[in-house]
Number of protein chains: 2
Amino acid sequence: MEPIYKETSKILKAISDAKRLRIVDMLSCGELCACKILESFDITQPTLSHDMKVLVEAGIVNDRRDGKNIYYSLNMEKLEGLLSKLNVMFYEKEDCICNKKKDHHRM
Amino acid sequence: MEPIYKETSKILKAISDAKRLRIVDMLSCGELCACKILESFDITQPTLSHDMKVLVEAGIVNDRRDGKNIYYSLNMEKLEGLLSKLNVMFYEKEDCICNKKKDHHRM
DNA sequence: TAAACATATTGACATTTTTCTATATGTGTG
DNA sequence: CACACATATAGAAAAATGTCAATATGTTTA
């Protein structure tokens, strides 16, 4: 499979969980520490920690430590890049995959 | 969980598979029958049938029968709706979830 | 340095997803 | 109507994901 699909699908997978999508929405107003996010859900702390790791590893969320707390914020460049890639894929274009042959680059 | 996240995550889940994302990209130039799509991947026919069902049930792909063949095409309204919703979620807004309290509408 | 607090990791389990083989269904053709 | 062709469904196995309790790690403060 072409890298563009693998990379994009990794980000999509990260936000394809309703709870993680809600976390991204929460972060759109600015950074939040894990404890604040946790207050907003009925999940355990390890579950949130795992979810934040998924978002960070997908590259769409940044983390920074300040004392005991970890603060998370959106990586807008990555998110804009995602919207841009989806836009290209959803609409017809010059050098289109539609003109390509069988995929020999398996996943 | 609020319906907006559940609905959006269902669509994201549908395209969070690299192969299905590639299928969406292929359909951006116009409708294709299942057999044409199948030629483009190293998967079995039932696997493609299942993948197309996921895309159709997410509402982003339409299907129509013409004789022996099923033709698939993109539902642009749904895809535009997705981009629009993501745009709202990624950027700060007036009536923001950031100002909301604990989520009592569990999934 | 010991205790308290915030977050991460481990290991386990249940659920969901992916993909296959075998088979069924629907449609056109000889 | 029997056969060929295109697609769908059923059932099973493997892999990935979501979630928890228990515990570890890192940080601040008494």
* Asked: On DNA chain C, nearest-nucleotide positions of A/K68 versus B/H50: which is more 5'?
  -> A/K68

* **Same apolar cluster (I L V M F W Y, side chains within < 4.5 Å links), A/L83/A/I4** => yes

* Structure fact -> Atom NZ of A/K19 and atom P of C/dT16 are separated, to the nearest Å, by 14 Å

* **Same cluster (ILVMFWY, side-chain, under 4.5 Å), A/L38 and A/V61** => yes

* Length of the line joining A/L32:CG and C/dA6:C1', which is rounded to integer Å -> 15 Å

* **Whole angstrom value for the distance that separates P of C/dT16 from NZ of A/K13** => 16 Å

* To do: Could you tell me the separation between the CE atom of B/M52 and the C1' atom of C/dT18, rounded to a whole number of Å?
  => 16 Å

* Take the protein atom CG of B/L48 and the nucleotide atom P of C/dT18, then report the distance between them rounded to whole Å. => 14 Å

* Structure fact -> Test side chain to side chain donor-acceptor pair (under 3.5 Å), reference A/D17, set A/R20, A/K13, A/K19, output is A/K19

* Residue that, paired with A/M52, satisfies side-chain contact (heavy atoms from CB on, under 4.5 Å) out of A/T47, A/D63, A/I23 -> A/I23

* **Close residues, residues 55-66 of chain A, relative to DNA chain C [heavy-atom separation under 4.0 Å]** => none

* To do: Indicate, with a heavy-atom threshold strictly under 4.0 Å, whether B/Y72 touches base, sugar-phosphate, or nothing.
  => sugar-phosphate

* **Any B/K53 side-chain N or O less than 4.0 Å from OP1/OP2 of D/dT9** => yes

* B/Y71 OH - D/dA6 P separation (whole Å) -> 10 Å

* Closest to side chain of B/S49, choosing from C/dT19, D/dT28, D/dA8 -> D/dA8

* **Charged N-O contact under 4.0 Å between B/E39 and B/K36** => yes

* **B/Y72 and its side-chain contact (heavy atoms from CB on, under 4.5 Å) partner, picked from B/L55, B/L32, B/V56, B/N62** => B/V56

* Would you say B/V54 and A/L12 are hydrophobically clustered, going by side-chain heavy atoms of ILVMFWY under 4.5 Å? -> no

Between the protein and nucleotides 20-25 of chain C, list the N/O to N/O atom pairs that are separated by less than 3.5 angstrom.
from   : atom 1 : to    : atom 2 : distance (Å)
C/dC20 : OP2    : B/T44 : N      : 3.3
C/dC20 : OP2    : B/T44 : OG1    : 3.0
C/dC20 : OP2    : B/T47 : OG1    : 2.5

* Hphob cluster co-occupancy, A/F41 + A/L27, side-chain heavy atoms under 4.5 angstrom -> yes

* Using the rule that two of Ile, Leu, Val, Met, Phe, Trp, Tyr join whenever any of their side-chain heavy atoms come within less than 4.5 Å, decide whether A/M76 and B/M89 are in one cluster. => yes

* Structure fact -> A/N69 atom CG is separated from C/dT7 atom P, nearest whole Å, by 5 Å

* Calculate the interatomic distance between B/D51 atom CG and D/dT9 atom C1'; express it in whole Å. => 15 Å

